[in-house]
Engineer: 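This is the structure I want to talk about, given as structure tokens.
Hydrogens, waters and symmetry mates play no part in the numbers below; they use all other heavy atoms, side chains included. Naming: A, B, ... by sequence-line order, numbering from 1 per chain. Bear in mind the structure is a predicted one, so any value in this text is a computation, not a measurement.
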Amino acid sequence: MISKKIGIVDCNNFYVSCERVFNPVSTGRPTVVLSNNDGCVIARSQEAKDLGIKMGEPFFQKKEFMDEHRFCVYSSNYNLYGDMSDRVMSVIREHVSSLEIYSIDESFIDVSHVEEKDMMDFLHIIREDVKKRIGIPVSIGVGPNKTLAKLTSHIAKQNSNYKGVCSFWDLEEVRNMYYGIDVGEVWGIGRKWKKKLNSIGVDSVGQFVNSTDGWIRKNMSILGLRTKYELLGHYCNPIVTTPKTKKNVASARSFGQDVDDFSQIAEAMYVYIQNGLRKIKDDSLEAKKATIFVSGNKHKGQTHSYYKSVSFQKATCDTEEIWAQVYPELRKLFKKDKSYKKCGIVFSELTPSNQHQITLFQSSLQMVSPPSNTEKKWEMKQEFITKKYTTKWEDIPECFV
DNA sequence: TCTGGGGTCCTAGGACCC
DNA sequence: TCTGGGGTCCTAGGACCC
């Protein structure tokens, strides 16, 4: 069997790095990017991490601290990050034959053709090219499979001597290193499984790979077992270069404040439907089913959450057609004596838009007019949003020489 | 005042059929 | 009417990822 060489290219502190390309003032200063509604921290610069800011920490709890330490704070700007991501990926693609975009800031690459002795040089070239042309720093880890590529890139980040790139084949005594790495660092082992493993005395990667197949299979399903075998060097999880067709498309948001007025919810839902449909149309898809939901503010102990699925007669991506069927259900879900913090829609049973099923009995739909504009209490808070530097003409930075 | 959003996969259990 | 086993399909829930 020819062994594979798989790499993971990972943008460092991606959202922060994107902001810094256009706001160099934040370079060197502790910097964070906030989730929608400026709710919690979802990206941190190294300086912010060093000051103890945690991933997912509520912003309002740290605001004062951040003011004191002269933080740069940004609302998330997904137009910018999405476009910067596309640019990073296309530079990487120039260097490899096979690339899987795994998330907005990560891609797996197949580098099986590169000799082990040449690997580090090869990785440095990619890293420098992305930095030079796009301005985004990346880390790269390479190993015999995805799980080990991820673990190797973790090792690279822990130790600055690696200068952001690390090859499994340059590491000595890998299996011994496993005893020094927390099992929770492994890709595929999350909080719950880590806790379960700890409870039987398994704390390190080394101990995990020595756990029995039976226990892992029973407690962590086939996925946990696959992770163990990848840590042992097997190749179980192939690179997927053609993007998988989506199975679900969701559009949901928390409101800027609690809302108890049906017209507000209806307007928000209408906007989210349009939002979701835009994503569906971009992929040339249509939906046969949609699930709408409304829910209370869980941080105020409100646990109410109501949802309802609607199956359409035929797959569609027509806003009015969907609204006509969703609106009456939304009306029924809404309870007058409750307040709500979030609503949304998940489209499922997606099919390519050119495959039209002929419907024999098309019942006529009672169209429902779109909601009229309200004062938009539901709109999300974005106090620190930057411009669409790369995707909107008016926002393109000017350069004075 | 203020606590994100969008995905995938696997499994157990219920419904239903023969 | 009662009784049993096995197969398939669907869904909700739970785990994971970023």
Engineer: Measure from the side-chain heavy atoms of Lys192(A) and tell me the nearest of dT3(B), dC16(C), dC17(C).
Structural biologist: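 For Lys192(A), the side-chain atoms sit closest to dC16(C).
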
Engineer: Counting only non-hydrogen atoms, which of residues 236-254 of chain A are less than 4.0 Å from DNA chain B?
Structural biologist: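 By residue number: Lys246(A), Lys247(A), Asn248(A), Val249(A), Ala250(A), Ser251(A), Ala252(A), Arg253(A), Ser254(A).
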
Engineer: Nearest to the side chain of Lys341(A), heavy atoms from C-beta on, is which of dT3(B), dC16(C), dG4(B)?
Structural biologist: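 The listed nucleotide nearest to Lys341(A)'s side chain is dT3(B).
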
Engineer: Would you say the ring centroid of Phe208(A) lies under 6.0 angstrom from that of Trp193(A)?
Structural biologist: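 Ring centroids of Phe208(A) and Trp193(A) are no less than 6.0 Å from each other.
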
Engineer: Taking atom types as modelled and ignoring hydrogens, do the side chains of Lys392(A) and Asn79(A) form a donor-acceptor contact shorter than 3.5 angstrom?
Structural biologist: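 Not at all, the side chains of Lys392(A) and Asn79(A) share no donor-acceptor pair under 3.5 Å.
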
Engineer: Using atom OH of Tyr306(A) as one end and atom C1' of dA12(C) as the other, report the distance to the nearest whole Å.
Structural biologist: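 Interatomic distance, OH of Tyr306(A) to C1' of dA12(C): 19 Å.
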
Engineer: Among the nucleotides dT3(B), dG4(B), dG6(B), which one has an atom lying closest to any side-chain atom of Asn36(A)?
Structural biologist: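 Looking only at heavy atoms from C-beta outward on Asn36(A), the closest nucleotide is dG4(B).
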
Engineer: What is the ring orientation for Phe71(A) with His69(A), classed by angle as parallel under 30°, tilted 30 to 60°, or perpendicular over 60°?
Structural biologist: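 Geometry flag for His69(A) against Phe71(A): perpendicular rings.
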
Engineer: Taking the side chain of Phe60(A) as heavy atoms from C-beta outward, which of dC9(B), dC2(B), dG4(B) is closest to it?
Structural biologist: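 Given the options dC9(B), dC2(B), dG4(B), the side chain of Phe60(A) is closest to dC2(B).
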
Engineer: What is the nucleic acid contact for Ile222(A), judged by heavy atoms within less than 4.0 Å: base, sugar-phosphate only, or nothing?
Structural biologist: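 Answer is sugar-phosphate: Ile222(A) comes under 4.0 Å of backbone atoms only.
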
Engineer: Quick check: on DNA chain B, is the nucleotide nearest Gly256(A) upstream (toward 5') of the one nearest Met380(A), or the reverse? Name the residue that is more 5'.
Structural biologist: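 Looking at DNA chain B, the more 5' nearest nucleotide goes with Gly256(A).
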
Engineer: Please determine whether a side-chain nitrogen of the Lys or Arg among Asp260(A) and Lys338(A) lies less than 4.0 Å from a carboxylate oxygen of the Asp or Glu.
Structural biologist: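 The answer is no: the pair does not qualify as a salt bridge.
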
Engineer: Where the side chain of Trp187(A) is defined as all heavy atoms beyond and including C-beta, which of dC17(C), dA15(C), dT3(B) is the nearest nucleotide?
Structural biologist: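 Selected nucleotide (nearest to the side chain): dC17(C).
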
Engineer: Between atom CD1 in Ile42(A) and atom C1' in dC17(C), what is the gap in whole Å?
Structural biologist: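 Taking atom C1' of dC17(C) as the reference, CD1 of Ile42(A) is at 15 Å.
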
Engineer: Taking atom types as modelled, is there a side-chain donor on Arg20(A) or Thr31(A) under 3.5 Å from an acceptor on the other?
Structural biologist: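 Side chains of Arg20(A) and Thr31(A): pair found under 3.5 Å.
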
Engineer: Looking at Lys300(A), does any N or O in its side chain come under 4.0 Å of the phosphate oxygens OP1/OP2 on dC2(B)?
Structural biologist: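 For Lys300(A), the contact criterion (side-chain N or O under 4.0 Å from OP1 or OP2 of dC2(B)) is met.
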
Engineer: Determine the contact category for Glu106(A): base if any of its heavy atoms lies under 4.0 Å from a base atom, sugar-phosphate if only primed atoms, P, OP1 or OP2 are that close, otherwise nothing.
Structural biologist: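 Here Glu106(A) touches the backbone only, sparing every base.
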
Engineer: At under 4.0 Å between heavy atoms, what does Asp105(A) touch on the DNA or RNA strands: base, sugar-phosphate, or nothing?
Structural biologist: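 Since only primed, P, OP1 and OP2 atoms lie under 4.0 Å of Asp105(A), the category is sugar-phosphate.
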
Engineer: May I ask you to say what Ile104(A) touches in the nucleic acid, namely base, sugar-phosphate or nothing, with a heavy-atom cut-off under 4.0 Å?
Structural biologist: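 Touches nothing.
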
Engineer: OH of Tyr81(A) versus C1' of dG5(B): gap in Å, rounded?
Structural biologist: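 Checked: the OH to C1' distance equals 14 Å.
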
Engineer: So, is Lys194(A) near the phosphate of dC16(C), with a side-chain N or O under 4.0 Å from OP1 or OP2?
Structural biologist: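 For dC16(C), neither OP1 nor OP2 has a side-chain N or O of Lys194(A) closer than 4.0 Å.
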
Engineer: Under 4.0 angstrom, heavy atoms only, what part of the nucleic acid is Lys146(A) near: base, sugar-phosphate, or nothing?
Structural biologist: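 Nothing, no nucleic acid heavy atom in range.
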
Engineer: For the residue pair Phe255(A) and Tyr272(A), does the interplanar ring angle fall in the parallel (under 30°), tilted (30 to 60°) or perpendicular (over 60°) class?
Structural biologist: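 If you compare the ring of Phe255(A) with that of Tyr272(A), the planes turn out parallel.
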
Engineer: Tell me whether the side-chain N/O atoms of Arg217(A) come closer than 4.0 Å to OP1 or OP2 in dC10(B).
Structural biologist: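 Checking Arg217(A) against dC10(B): no side-chain N or O falls below 4.0 Å of OP1 or OP2.
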
Engineer: Rounded to whole angstroms, how far apart are CZ on Phe347(A) and P on dG7(B)?
Structural biologist: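 That distance rounds to 11 Å.
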
Engineer: Just by distance, with hydrogens left out, do Thr386(A) and Glu19(A) show a side-chain donor and acceptor under 3.5 Å apart?
Structural biologist: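 The criterion, which ignores hydrogens and geometry beyond distance, is satisfied for Glu19(A) and Thr386(A).
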
Engineer: Can you tell me which nucleotide in dG4(B), dC17(C), dC2(B) comes closest to the side chain of Tyr102(A)?
Structural biologist: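 From the listed options, dC17(C) comes nearest.
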
Engineer: Run the numbers on Ser75(A) and Asp38(A) for side chain to side chain donor-acceptor pair (under 3.5 Å), then give the verdict.
Structural biologist: CA-CA 6 Å; Ser75(A) 304; Asp38(A) 296 338; 2.7 Å; yes

Engineer: What is the distance from NZ of Lys342(A) to C1' of dG4(B), rounded to the nearest Å?
Structural biologist: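 Taking NZ of Lys342(A) and C1' of dG4(B), I get 7 Å after rounding.
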
Engineer: Taking 4.0 Å as the cut-off, does a side-chain nitrogen or oxygen of Lys150(A) come that near to OP1 or OP2 on dC18(C)?
Structural biologist: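 Yes, such a contact exists.
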
Engineer: What integer distance in Å separates Asp38(A):CG from dT3(B):P?
Structural biologist: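 Going from Asp38(A) (CG) to dT3(B) (P), I get 10 Å.
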
Engineer: Mind calculating the distance between CD1 (Ile189(A)) and P (dG14(C)) to the nearest angstrom?
Structural biologist: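 Value for this atom pair: 21 Å.
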
Engineer: Assess, by modelled atom type and distance only, whether the side chains of Asp318(A) and Thr316(A) contain a donor and an acceptor separated by less than 3.5 Å.
Structural biologist: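 Result is no, nothing qualifies.
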
Engineer: Return the 5'-most residue of the pair Asp258(A), Ser221(A) with respect to DNA chain B, ranking by each residue's nearest nucleotide.
Structural biologist: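 It is Asp258(A), whose closest nucleotide lies nearer the 5' terminus.
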
Engineer: May I ask you to check whether Tyr102(A) and Phe108(A) place their ring centres under 6.0 Å from each other?
Structural biologist: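 Yes; Tyr102(A) has its ring centre under 6.0 Å from that of Phe108(A).
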
Engineer: Could you give the distance separating dG4(C) and dC16(B) at their C1' atoms, to the nearest angstrom?
Structural biologist: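 Pairwise C1' distance, dC16(B) against dG4(C), rounds to 16 Å.
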
Engineer: Return one dot-bracket line describing DNA chain B 5' to 3' (Watson-Crick or G-U wobble pairs, both distances under 3.5 Å; ( ) same strand, [ ] crossing, | another strand, . none).
Structural biologist: ....||||||||||||||

Engineer: If you look at every strand shown and take non-hydrogen atoms under 4.0 Å, does Phe59(A) touch a base, only sugar-phosphate, or nothing?
Structural biologist: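 Phe59(A): no heavy atom of the nucleic acid under 4.0 Å.
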
Engineer: Between Ser139(A) and Asn12(A), is there a side-chain donor-acceptor contact under 3.5 Å, judged purely by atom types and distance?
Structural biologist: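 Yes, Ser139(A) and Asn12(A) have a side-chain donor paired with an acceptor closer than 3.5 Å.
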
Engineer: How close or far is atom P of dC16(C) from atom CG of Asn219(A), stated in whole angstroms?
Structural biologist: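 Nearest whole value for this atom pair: 12 Å.
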
